[in-house]
Structures are given as C-alpha cells and as structure tokens.
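As structure tokens, the structure follows; a few thoughts come after it.
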Protein chains: 2
Amino acid sequence: MKKINDISTEDKIRKAAENEFMKKGFAAARIRDIAVNAGINLALLNYYFRSKEKLFELVMAEKIERLFALVIPVLNEKSTSLKQKLVLISEHYTQMLLDEPSLPAFVISEMQQQPEKFAGRIRFSSEIMKSEYISQLKEIDPNTNPVDHLISYLGILIFPFLMRPVLAASDTLDDKSFKEQIEKRKKLAPIWMGNILGLDKI
Amino acid sequence: MKKINDISTEDKIRKAAENEFMKKGFAAARIRDIAVNAGINLALLNYYFRSKEKLFELVMAEKIERLFALVIPVLNEKSTSLKQKLVLISEHYTQMLLDEPSLPAFVISEMQQQPEKFAGRIRFSSEIMKSEYISQLKEIDPNTNPVDHLISYLGILIFPFLMRPVLAASDTLDDKSFKEQIEKRKKLAPIWMGNILGLDKI
DNA sequence: GTCTATAGAGGGATAGAC
DNA sequence: GTCTATCCCTCTATAGAC
C-alpha cells in the first residue's frame with residue numbers, strides 16, 4: 001500500500017505500457033521494457049495483468065474510446081448548428097491529436113493487424129445514424145451520405161498526423177512548424193467541409 | 001536454374017514476403033512462414049536475402065514507391081487542367097487501393113514505428129512544389145497552400161481504407177458494398193476537392 | 001541452389017522466497 | 001506486493017552435407 005498521493009503500481013505499469021505499445025506496437029513491444037520503465041520488474045507486471053495480451057487490450061480499449069468517442073457527443077448536441085458542429089469537431093480532434101499525435105497510427109495499424117480484437121468494441125455508425133447531425137444534414141440534402149462525409153472530414157483532420165513522418169522526411173519539418181500548420185488547418189477544415197456540403201449556398 | 005517461364009525462387013520468396021509483411025507488419029512477421037509459403041526453407045531464404053531486415057527493406061521500398069509516386073506524374077502533366085488532375089488522381093488512387101487495400105495502413109504503421117528507415121527514401125514535397133499543379137493552383141488563389149490541399153485530398157481518398165476495419169466492425173460491411181461505396185467516392189472526391197478549392201466559382 | 005540440423009539470443013511467463 | 005532466478009519456447013541466422 002502506498003501513500004494516497006502516490007501513483008499506484010498498477011497505474012505506473014499502465015502508463016509505461018501505453019508508452020511502449022504506442023511507440024512500438026503490440027508485436028515489437030517488450031513487457032520487460034515496460035516493467036523497467038514502470039520502475040518494477042517482470043514478475044510484478046504479470047502479477048497485476050496476467051499477460052502481455054491482457055495489458056495490451058486494456059490500453060487499446062482506452063485509446064479507441066479516445067479516438068472515436070470524441071465525435072459522438074458533438075454530433076448529438078441539439079443546440080448547435082451544423083456549421084458549429086463542424087467547428088467543434090475540428091477543435092476537439094486537433095487538440096486531442098496535438099496532445100497525442102501517434103494515436104491514430106497506433107489504432108489503425110493494430111486494427112489492421114488483429115481485427116478480431118475489435119469485433120465487439122466499436123459501435124460507430126449506429127450511434128451516428130441516430131444523431132442530430134444526420135437530421136441537420138438531411139435538411140440540406142436528402143440524398144447525402146452522412147457517413148461518407150464524416151469519413152472525409154475525419155480524413156482531413158487526421159491524415160496529416162499519419163503523414164507526418166513523410167513530411168518530416170522530405171521537408172525539414174520541426175515540431176514548431178508542424179504545430180503551426182495544424183493550427184491553420186484547424187481553422188480551415190470546417191470551411192473546407194462547409195464547401196463540400198455546400199453550406200454557403202444556403 | 002528454372003525453366004524460363006517458371007517463377008524464380010527469388011521471386012517466390014519476394015512474393016511470400018510481401019504477403020507476410022503486409023499482413024503482420026515487420027515485428028510480427030516470421031521468416032519461417034515466408035519460407036513455407038514460398039515453398040522453400042529458412043536457410044534458402046537467408047541464402048538469397050541475408051536477413052529479415054534486408055528482405056523487409058526491399059519490400060518496403062517498392063510499397064512506398066507504389067503509394068506515393070503515383071501522384072507525381074499526374075501533377076507534372078502540362079496538358080491537363082486542374083480539374084482533370086483531380087479526377088485522374090482519384091481514379092489512380094482508387095484503382096490502386098482496391099487492388100491493394102492494406103497498403104496505406106502498412107506503410108503508415110511501419111513509418112511510425114521505424115522512421116529511420118525512411119529518412120532518405122521519400123522525396124515528396126520537393127517534387128510537388130515544382131509541378132504544373134502548383135502553377136495552376138496559384139492562378140486560382142496565390143495564397144493557397146498546395147501541400148495542405150494535397151494532404152486533404154489524399155486523406156479523403158485514402159482514409160476510408162484505413163477506417164475499413166472500423167466500418168466492418170459496426171456495420172456489416174461486406175466486400176461488395178465496400179467496393180460500391182468506394183466507387184461512388186471515386187466520382188465524388190474530385191467534386192468535393194473542387195468545392196474546397198472553389199473551382200466552380202471561376 | 002537447396003536441404004537438415006543446430007547454434008545462440010531473447011522473450012513471455014511462473015515458482016518460490018521474502 | 002515485490003523480488004530473484006529460471007523454465008521453456010520461438011525466432012533469426014549459420015554451418016555443413018548434398
């Protein structure tokens with residue numbers, strides 16, 4: 001038992017596991033390294049979490065939530081206009097991604113490599129189809145495909161973070177100028193999406 | 001020595017390596033499995049390619065080329081309009097991605113996990129900045145950021161393939177309906193990008 | 001060029017003392 | 001709860017016969 005203000009051993013391991021898995025992915029991650037970075041040893045890690053797999057699933061569940069659940073409350077909000085929703089989504093995602101830039105690549109690559117693990121865990125379009133956002137979109141254009149548009153919007157917002165290694169390899173793109181570029185895109189993205197949806201024509 | 005029409009051992013290994021690396025990523029891939037799927041054994045694989053690392057780099061180099069180089073000739077073409085370039089990019093990428101749907105997730109995740117290997121290999125924005133596409137874009141709006149727009153466009157085109165496991169997990173999205181959706185997006189994407197760039201206002 | 005056999009290292013997991 | 005020591009398996013890579 002630790003002092004109340006101390007970080008519990010369990011949380012230290014969890015935190016170290018996040019770093020390791022996010023940096024190297026499941027297959028390349030070493031639970032030995034997680035233990036060292038948590039300041040404990042291998043046996044104790046297994047005492048708390050039973051196996052590498054179980055520890056990974058815990059981390060992953062939280063990351064998925066963080067990546068996808070962000071958008072749901074915004075889409076459901078009754079008091080905001082479509083335009084406002086676009087602005088809010090851009091702001092929320094940009095902030096979260098600047099805080100955790102490698103989150104999308106991590107989730108995407110693990111989803112690709114072990115889709116079994118995600119079977120029950122993602123409820124995406126069902127929640128979206130019932131949202132306020134859909135109603136507002138249908139008002140503008142009854143034939144529109146809302147999931148399609150949302151994918152495009154998330155692509156615009158998230159893709160720069162996936163391409164960052166490419167940009168960094170060709171340009172000399174340091175942290176500062178990347179962040180500047182992202183801040184500009186944060187403002188532009190809802191306008192672009194408005195153009196796609198034809199919002200200015202109303 | 002094989003018959004001329006036979007696939008050489010080297011190519012059999014290469015092909016099997018592609019499958020294995022694309023499916024599991026570098027860290028989880030097993031050269032034993034590559035050897036088995038190539039119809040040979042482990043020792044022979046090392047005889048041809050020296051090491052797992054070297055084999056991987058060969059595969060990766062080709063995949064990067066396939067993913068990024070596709071867009072360069074289109075951007076450089078002097079005889080096509082901006083609108084036509086958008087259509088061509090959409091068509092080329094859609095066709096390539098339908099042919100090899102897991103290519104982007106593979107490249108992105110390996111880039112993230114081992115950026116060292118890509119240092120010299122990607123020349124992206126330098127080639128783009130000199131292209132015909134840039135001149136045409138500057139005519140419309142001298143203040144536009146062409147790399148930014150290109151990232152958005154590639155995001156729109158590529159992101160659905162990265163999200164596919166998500167879509168498959170929530171909907172029941174089979175191969176056929178995914179392909180239909182992509183074919184629709186192929187036609188819509190250049191229009192959307194035209195809206196973003198304000199092409200219809202000219 | 002192609003094989004069998006094995007060296008050699010590293011990783012996940014557990015036994016058992018404290 | 002936490003540690004040290006170790007088991008045991010799997011993987012890459014190579015030696016050496018054919």
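Keep in mind the model is a prediction, meaning the values are calculated, not measured. Here is how names work: the chains are called A, B, and so on, in the same order as the sequence lines, proteins then strands, and each is numbered from 1.
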Discussion item. On the nucleotide C/dC3, are OP1 or OP2 found under 4.0 Å from the side-chain N or O atoms that B/Asn41 carries?
Written reply: yes
Worksheet item: What's the CD1-C1' distance between A/Ile13 and C/dA13, to the nearest Å?
Response: 15 Å
Worksheet item: From D/dT2, C/dC3, D/dA13, pick the nucleotide closest to the side chain of A/Leu44?
Response: D/dT2
Worksheet item: So which heavy atom on B/Ala35 is nearest to which on B/Asn41, and how close?
Response: CB-C, 3.6 Å
Item to complete: Just compare C/dG1, D/dT2, D/dA13 and give me whichever is closest to any side-chain atom of A/Tyr48.
Response: D/dT2
Fill in: Nearest to side-chain heavy atoms of A/Ala43, which nucleotide of C/dT14, C/dA13, D/dT2
C/dT14
Item to complete: Answer whether the closest heavy-atom distance between the side chains of A/Glu127 and A/Phe68 falls below 4.5 Å.
Response: no
Fill in: Spacing between B/Leu45 atom CG and C/dG1 atom C1', to the nearest angstrom
14 Å
Worksheet item: Is the distance between the ring centroids of B/Phe159 and A/Tyr153 less than 6.0 Å?
Response: no
Worksheet item: Could you give the CZ-to-P distance, from B/Phe56 to D/dA13, as a whole number of Å?
Response: 14 Å
Practice prompt. Verify the contact: side-chain N or O of B/Thr9 to OP1 or OP2 of C/dT2, cut-off strictly under 4.0 Å; return yes or no.
Written response: yes
Worksheet item: B/Glu53 or A/Gly39: which one's nearest nucleotide on DNA chain D is closer to the 5' end?
Response: A/Gly39
Worksheet item: For A/Arg30 and A/Glu20, which heavy atoms make the closest approach, and how far apart are they?
Response: N-OE2, 3.0 Å
Worksheet item: With sequence neighbours excluded, what pairs up with A/Phe49 under the ring-ring contact (aromatic ring centres under 6.0 Å, His included) test?
Response: none
Worksheet item: For residues B/Glu110 and B/Gln114, is any side-chain donor paired with an opposing acceptor at under 3.5 Å?
Response: yes
Worksheet item: Mind checking whether A/Phe26 and A/Phe21 have parallel, tilted or perpendicular rings, split at 30° and 60°?
Response: parallel
Fill in: Sub-4.0 Å heavy-atom contacts from residues 28-36 of chain A onto DNA chain C, ordered by number
A/Ala29, A/Arg30, A/Ile31, A/Arg32
Fill in: Atom-pair distance (CG on B/Leu42; P on D/dT10), nearest Å
15 Å
Item to complete: Send over the distance from B/Leu55 CG to D/dA13 C1', rounded to a whole Å.
Response: 14 Å
Fill in: Distance in angstrom units between B/Tyr47 OH and D/dA15 C1', rounded
15 Å
Worksheet item: Are any of B/Asn46's side-chain N or O atoms less than 4.0 Å away from OP1 or OP2 of D/dA13?
Response: yes
Discussion item. So B/Ile40, base contact, sugar-phosphate only, or nothing? Heavy-atom distance under 4.0 Å.
Written reply: sugar-phosphate
